[in-house]
Amino acid sequence: MKIVFMGTPDFASESLKAIDEAGYEILGVVTNPDRPQGRGMKLTPSPVKKYAIEKNIPVYQPEKIKNNQEFKDQIKKLQPDVICVVAYGKILPKEILEIPKNGCINVHASLLPKYRGAAPIQWSVLNGDKKTGVTTMYMDVGMDTGDMILKEEVTIGEDETTGELWERLSKIGGNLLVETLKQIEKGVAPRKKQGENFSVAPMLSKEMAKIDWEKQTAQQIKNLVRGLNPIMGAYTYLNGKKIKFWKVDIAKEEIAAEGMINIIKNGTVIVSDLKDGIFVKTKDGILKILEIQGENAKKMSIQDFLRGNPIQEFDIFE
RNA sequence: CGCGGGAUGGAGCAGCUGGCAGCUCGCAGGGCUCAUAACCCUGAGGUCGUAGGUUCGAAUCCUACUCCCGCAA
């Protein structure tokens, strides 16, 4: 089977690698144009492009697809049997979807129809879900609305971060894509409608990264920290300085200050100790901070942080 | 030329209006103790990122370079 692959981030390059190593003929790779990125805003190729170049696969990087006749003709000329799309970052118009005779296959990192959209992995962690998965589907013009082919479920660890889950799912996605292609080749691939009971996982916004000590419960804050690690990190302020939390847990230890716990403000540091780290009062429990990052600094363990940046008991995060 | 921060003993930081290199922790040895991650004493460990310059004298001022990090995407 001849394949054209479309995708951009590392999640996609895992799928590309999987089908490449499974021996499928990859006619070409379509990925987003190189973007200025990182310190110095240097132009950086996407992970998918890097892999393609390594394997001498032709790369196409259209700035836009809609009304781009030249690009459509290029793809048509390749005569792919199937187009695999994984986190490409652009909406494909009908004319593209109709090119391959076996259709366009998409790998989506959720158990559809739950979490259609851009950030399914992040939202599954943010919402504290116990399980999620990967789904392959036949694409249609809607946003992740196509008929489903295969699905694989995984459980989310209590302390698992978006980054960790991301990595696991990208590998599973690759395997599932290969399996999907095999079944399509044999003509035994199932096709299931999604139904109407769907939910959407939109792109994450900047504002949601701020911890709301008044409204959020200990578990919600923990989910926020996990869910935004390593993408942007949940943050709060201490004495006017921005502080990011990278790892927190709900304290199971008994804290001595039981008596006053109800009269102090949420976000107050109850215990600050070089050995045990810091404990913070929340709406409904005590949060233990494990990994932290100050302004202009790198992330470090709470113990390291406290040596050079003393935090007093009764300091307040806000 | 996107903006900004930094490079000081094993770790995290202070010192930077130039004048013997410091703090917290860790580490080694000793002491106290039934005991300890607690406490007390002692000690080891740094050519202050690299190369030049200014100066009687530079971690501290100037110049170039290397590396690291945050924002931003």
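Computed from heavy atoms alone, side chains included, the values below leave out hydrogens, waters and symmetry copies. Lettering of chains follows the sequences in order, A, B, ..., and the numbering in each one begins at 1.
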* How is Glu295(A) classified with respect to the nucleic acid when contacts are heavy atoms under 4.0 Å: base, sugar-phosphate, or nothing? -> nothing

* Structure fact -> In terms of heavy-atom contacts, Ala12(A) and Gly7(A) come closest through CB-CA, 3.8 Å

* Using salt bridge (Lys or Arg N to Asp or Glu O under 4.0 Å) as the criterion, list what pairs up with Asp10(A), not counting sequence neighbours. => none

* Asked: Tell me, which stems hold RNA chain B, with a stem being 3 or more Watson-Crick or G-U pairs in a row and both distances under 3.5 Å?
  -> B:2-7 with B:66-71, B:10-13 with B:22-25, B:27-31 with B:39-43, B:49-53 with B:61-65

* Are Thr282(A) and Gln216(A) side-chain neighbours, meaning at least one heavy-atom pair lies under 4.5 Å? -> no

* To do: Give a yes/no on whether any side-chain N or O of Lys275(A) is located under 4.0 angstrom from OP1 or OP2 of C25(B).
  => no

* Could you give me the CA-CA distance, side-chain angles and deciding distance for Tyr51(A) and Phe5(A), then say whether ring-ring contact (aromatic ring centres under 6.0 Å, His included) is met? => CA-CA 12 Å; Tyr51(A) 185 87; Phe5(A) 185 87; 9.0 Å; no

* To do: Would you mind reading off the distance between Asn309(A) atom CG and G6(B) atom C1', rounded to a whole angstrom?
  => 14 Å

* Asked: Under a 4.5 Å cut-off applied to non-hydrogen side-chain atoms, are Ile105(A) and Tyr138(A) in contact?
  -> yes

* Asked: If you measure only the distance, is there a donor-acceptor pair under 3.5 Å linking the side chains of Asp73(A) and Gln69(A)?
  -> yes

* What is the distance from NZ of Lys241(A) to P of G5(B), rounded to the nearest Å? -> 14 Å

* Structure fact -> Winner on side-chain proximity to Arg307(A), out of C68(B), A73(B), U24(B), is U24(B)

* Looking only at atom P, what distance separates A38(B) and G26(B), rounded to whole Å? -> 7 Å

* Could you tell me whether Lys244(A) contacts a base, only the sugar-phosphate backbone, or nothing, with contacts defined as non-hydrogen atoms closer than 4.0 Å? => sugar-phosphate

